[in-house]
Amino acid sequence: MSWIEWVQLLLIIIVIGFPPYLVALEIFRKLHPIIFILVSIIYWVGTAYTQQIVPFLLIVILLIKKQREQKKYGQINFYREKKIFHIKDFFSIILFTILLRYPIGILNAFYVYLLDILGISVQQQEIIDIFINSKNILLNVLLFLLVVIVAPINEEFSLRHYFFGKTLSKRVGPVFAALLSSVLFTLLHYNVAGIPTFFLLGLYACYVYTQKGFWGAVTVHFAFNLSSILFLFLL
């Protein structure tokens with residue numbers, strides 16, 4: 001692995017791996033010390049090896065646990081008790097996110113044009129090349145699930161719920177927290193050509209999180225990634 005790939009892996013481990021682990025510590029600490037150490041080792045080795053899959057599985061466990069607590073104690077909503085997410089919100093957020101793609105896309109195209117004028121060569125994300133060139137149906141299906149389901153839940157849990165909502169907003173205020181978490185979101189994709197898109201999408205997801213909570217932010221990410229893939233298949 002090159003040093004750039006090591007930096008990318010370290011960033012994924014920190015940004016994606018740590019938040020669900022820290023949230024789950026309440027569960028882990030109830031385990032026997034030896035089991036706690038073994039579970040932690042399995043988690044971090046699995047995160048380093050799979051990057052997205054193991055944190056996703058832990059987040060699913062946390063969400064199921066939260067849902068059971070809500071049914072038992074009568075709480076209102078995932079992580080944002082005062083923000084209720086309805087099915088109508090799901091469709092309205094999808095519609096607005098797709099419409100938002102157009103101005104963001106125009107801005108990003110102008111940005112790439114400027115980079116080209118400056119002689120800065122840019123490459124599209126590796127996963128896009130795989131989607132376009134791969135003839136392996138199973139691989140494409142797995143990548144589709146990774147991009148449309150796994151990545152939105154992982155990244156919104158870590159970046160919007162944990163960093164923006166639970167940690168940074170309380171310390172530096174919502175505006176600066178949105179900027180910082182969106183910078184992290186942009187760095188996580190390590191794609192120079194898409195910097196404006198990822199940053200603006202991150203800001204929008206932060207806003208939706210404040211209005212409709214965790215699942216609202218996930219819907220933004222889901223809609224954006226799904227529409228991106230559908231666009232690739234239509235090319």
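- When all heavy atoms of Y190 and Q8 are compared, the closest pair comes out as CD1-NE2, 3.3 Å.
- Shown here for C206 and R160, the closest heavy-atom pair between the two residues is SG-CD, 3.6 Å.
- Listed for the T50 side chain is a donor-acceptor partner under 3.5 Å among the backbone atoms of V54.
- Residue-environment remark: OH (Y207) stays at or below the threshold of 12 foreign heavy atoms within 6.0 Å.
- Annotation: I117, atom CD1; neighbour count of heavy atoms from other residues, nucleotides and ligands within 6.0 Å is above 12.
- The shortest non-hydrogen separation linking A178 to L203 is O-CD2, 3.7 Å.
- Looking only at distances, no side-chain donor or acceptor of S182 sits under 3.5 Å from a matching main-chain atom of L179.
- The aromatic rings of H161 and F214 stand perpendicular to each other, their planes meeting at an angle above 60°, with 30° marking the opposite boundary.
- T219 places no side-chain N or O within donor-acceptor distance of the main-chain N or O of F90, the cut-off being under 3.5 Å.
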- Task: Show your working on ring-ring contact (aromatic ring centres under 6.0 Å, His included) between Y43 and Y21 and close with a plain yes or no.
- Result: CA-CA 8 Å; Y43 176 80; Y21 180 80; 5.5 Å; yes
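- Taking the six-membered ring for Trp and the full ring otherwise, the centers of H189 and F185 sit less than 6.0 Å from each other.
- A distance of 6.0 Å or more separates the ring centres of F157 and Y162.
- Judged purely by atom type and a 3.5 angstrom limit, S169 uses its side chain to pair as donor or acceptor with the backbone of F164.
- Side-chain polar atoms of R101 and S228 form a donor-acceptor pair below 3.5 angstrom.
- No donor-acceptor distance shorter than 3.5 angstrom exists from the side chain of S158 to the backbone of E155, with no hydrogens or angles considered.
- N225 places no side-chain N or O within 3.5 Å of a backbone atom of P152 that could act as its donor or acceptor partner.
- Side chain of H86 to backbone of K88: no donor-acceptor contact under 3.5 angstrom is found.
- Both I14 and I41 are members of a single hydrophobic cluster when ILVMFWY side chains are connected at heavy-atom separations under 4.5 Å.
- For W44 and Y49, the gap between ring centers reaches or exceeds 6.0 Å.
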